[in-house]
Amino acid sequence: MLIFKKDWIEIRRNWQILLPIFAIPFMISVLLPTFIFSIPGILSMPVSSLNGIETLMRNLPKNIQAEVKEMNIQQALIYIMLQYFLAPFFLVVPIMVSDVIASDSFAGEKERKTIETLLATPISDSELFLGKVLVAFVPSVIATIVSFLLYSFVANLYSVKLLNGKLILPNLTWLLLVFCLSPTIALTSIGLTVIVSAKVKGFREAQQISAGIIMPILLMLIFSQVMGIVILGPQVVLLLTVSLSIVNFLLLSIGISSFGREEILSKLV
Amino acid sequence: MQAIETIELTKKFGNLVAVDKLSFEVEKGEIFGILGPNGAGKTTTIRLLACLLSPSSGSANVGGFDIVKDSMKVREIVGIQTENPSLYERLTAYENLDFFAEAYGILDSQERRKRIRDLLDFFGLWVFKDKKVGAFSRGMKQKLSIARAIVHDPDIIFLDEPTSGLDPESAREIKDLMKSFSRKGKTIVFSTHVLGDAEKLCNRVMIISKGKRVALGALEELLTNTSKPILRITLKKLDQRVIDAIKCFKQVKEVTVADSSSVVSIVLDDVETITPEIIKSVVLNGGLILSVNVVNQSLEDVYLKIVRGGKVEN
Ligand SMILES: Nc1ncnc2c1ncn2[C@@H]1O[C@H](COP(=O)(O)OP(=O)(O)OP(=O)(O)O)[C@@H](O)[C@H]1O
Ligand SMILES: [Mg+2]
């Protein structure tokens, strides 16, 4: 795992990478929930003004309605926010962390022209590819888990206060989200980045284009959840995991072939 | 056995033929220079031989291995210093060499340490071993990238413009290093724009232009075959009558007078027989001769002639 080791040292010394790796998880798992609950009024709004939200809630599936039956509307709102609405936002962590690292490791190495001497060594294509995928994958899984711990802590802090000592996390959906869907979507992001990296010159373009492809999909998920079309439950998370795995398989096979030695080097001048 | 043998090696980039049916051989232990103008295809040739590119057609054998079929084996036994220093700027000098030593299969860390120490010592970089390469000067990077190319003690070494960016002293060190390698039986192929380097180092040179081979051979051979000696006469005073008289000889190929001086340079086919005749005629036409000497054309003259002629030899 020579490549992994080398890339890892490089990443550790690159604040352009470190900054987003630390900032994104912090934003999603601490700032976002804190921000939502510090919007003045949400917690102290008169019940009548929450009527609109009540109709929105009526659109929610039966099982969620059952979960919040005992609560008053404010409590229900917080519960649903923490439990469901913020869940897809959470996927930004594995997507962005792996995107930032992979674009530096694949496109960045090309941009800095170090790829030429690297490819002159007898390191096999597969070892090279695997090392570079792992160096993006491992930190993004770690970042996801750390974010989850942070988020659980923050979410429970609110729920203990507002829901009479009830701890809302962890639950099955979130565990599946963190340990199945997040790693899978990290790989999707890496696969996309590898393919994009083969086509563009700089690591910034690689980063932006691949994020530009995957983010709208995530936004769709966020919206469809707010509209009540899809609700992230264990089944949905598993279904997403399985379908993304299939997409990953395709992306990574295309990635491997676009990462051939000749492919990269014939583009170097 | 030949260290390198190529047969009609060709590389096309789209419509551009960067290397055009190049055939040559390099013997084991030889220092072989590739010369040619910018864009001639030197770097591309070296990349092909180091298996960084695969040929469009033709073939080559490096250290007994085919560059297409056995590319991994070729990679193991060759070292290449590329045109760009190609070092990891965020890693230290030591970390760079350590990474490449391991990538080339030196798994024992004690052994790696010793190799790296020796190399960095040799290049005077040991004191900077823990400094990040990003902070190195161009010359330091160049040295480190040569150290990187030989970290695994390869049998065949490719150097793409090894002395570019180096001060005269460092350039000298590199040249001495190349010579000592060749004495150890290692084969060195290098490209350069510094003709003097080629003159001092090479057993043989190949000149290429637009991807084609235009000359190949020992330098003295190239010099005597392509160049005519020059008869240089210094006159006390320049006189057009003298010049016209010289031009009358049909063996005289070319007469040039250096600006604002009275030195006449005459390119001849055969110095031996015609020189006395010319001098006689100069004197008869009233020329006062201060000195006469015969000089060979410089490598630069020959090089420029070959490259400008662009004639492909067979
Ligand atoms: N990856 C590539 N894609 C397209 N064309 C290329 C590529 N690499 C080189 N070329 C072209 O091939 C030709 C030969 O280039 P090469 O780099 O081998 O020249 P060179 O002799 O090393 O020149 P220099 O003295 O400037 O280093 C040039 O016309 C160059 O533009
Ligand atoms: Mg070149």
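Reckoned from all heavy atoms, side chains included, excluding hydrogens, waters and symmetry mates. Here is how names work: the chains are called A, B, and so on, in the same order as the sequence lines, proteins then strands, and each is numbered from 1. This structure is a prediction, so every number in the text was calculated from the model and none was measured.
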Options B:V78, B:L53, B:T43, ranked by heavy-atom pairs under 4.5 Å with chain A, top entry:
B:L53

Is the ring pair A:Y151/A:W174 parallel, tilted or perpendicular, if the boundaries are 30 and 60 degrees?
parallel

Assess the side chains of B:D130 and B:T92: does a donor N or O sit below 3.5 Å from an acceptor N or O?
no

Does anything in residues 178-194 of chain A get under 4.5 Å of chain B by heavy atoms, and if so which residues?
none

Pairs of heavy atoms under 4.5 Å with chain A: top-ranked of B:V74, B:L52, B:L87, B:T44:
B:L52

Can you tell which of B:K73, B:E76, B:Q81 has the highest number of heavy-atom pairs within less than 4.5 Å of chain A?
B:E76

Pair B:T82, B:D160: side-chain N/O donor-acceptor within cut-off below 3.5 Å:
no

Is atom CH2 of B:W126 surrounded by more than 12 heavy atoms (other residues, nucleotides or ligands) closer than 6.0 Å?
yes

Nearest-0.5 Å distance, CZ of residue B:F181 to CD1 of residue B:I174
10.0 Å

Please confirm whether the ring centroid of B:F32 lies under 6.0 Å from the ring centroid of B:F24.
yes

For a quick check under 3.5 Å, do A:S105 and A:K132 share a side-chain donor-acceptor pair by atom type?
yes

Using non-hydrogen atoms only, which part of A:R13 is less than 4.5 Å away from chain B: side chain, backbone, both, or neither?
both

Against the six-membered ring of B:F99, is A:K6 placed for a cation-pi contact (under 6.0 Å from the centre, within 45° of the normal)?
yes

Portion of A:E109 that has a non-hydrogen atom of chain B nearer than 4.5 angstrom
side chain

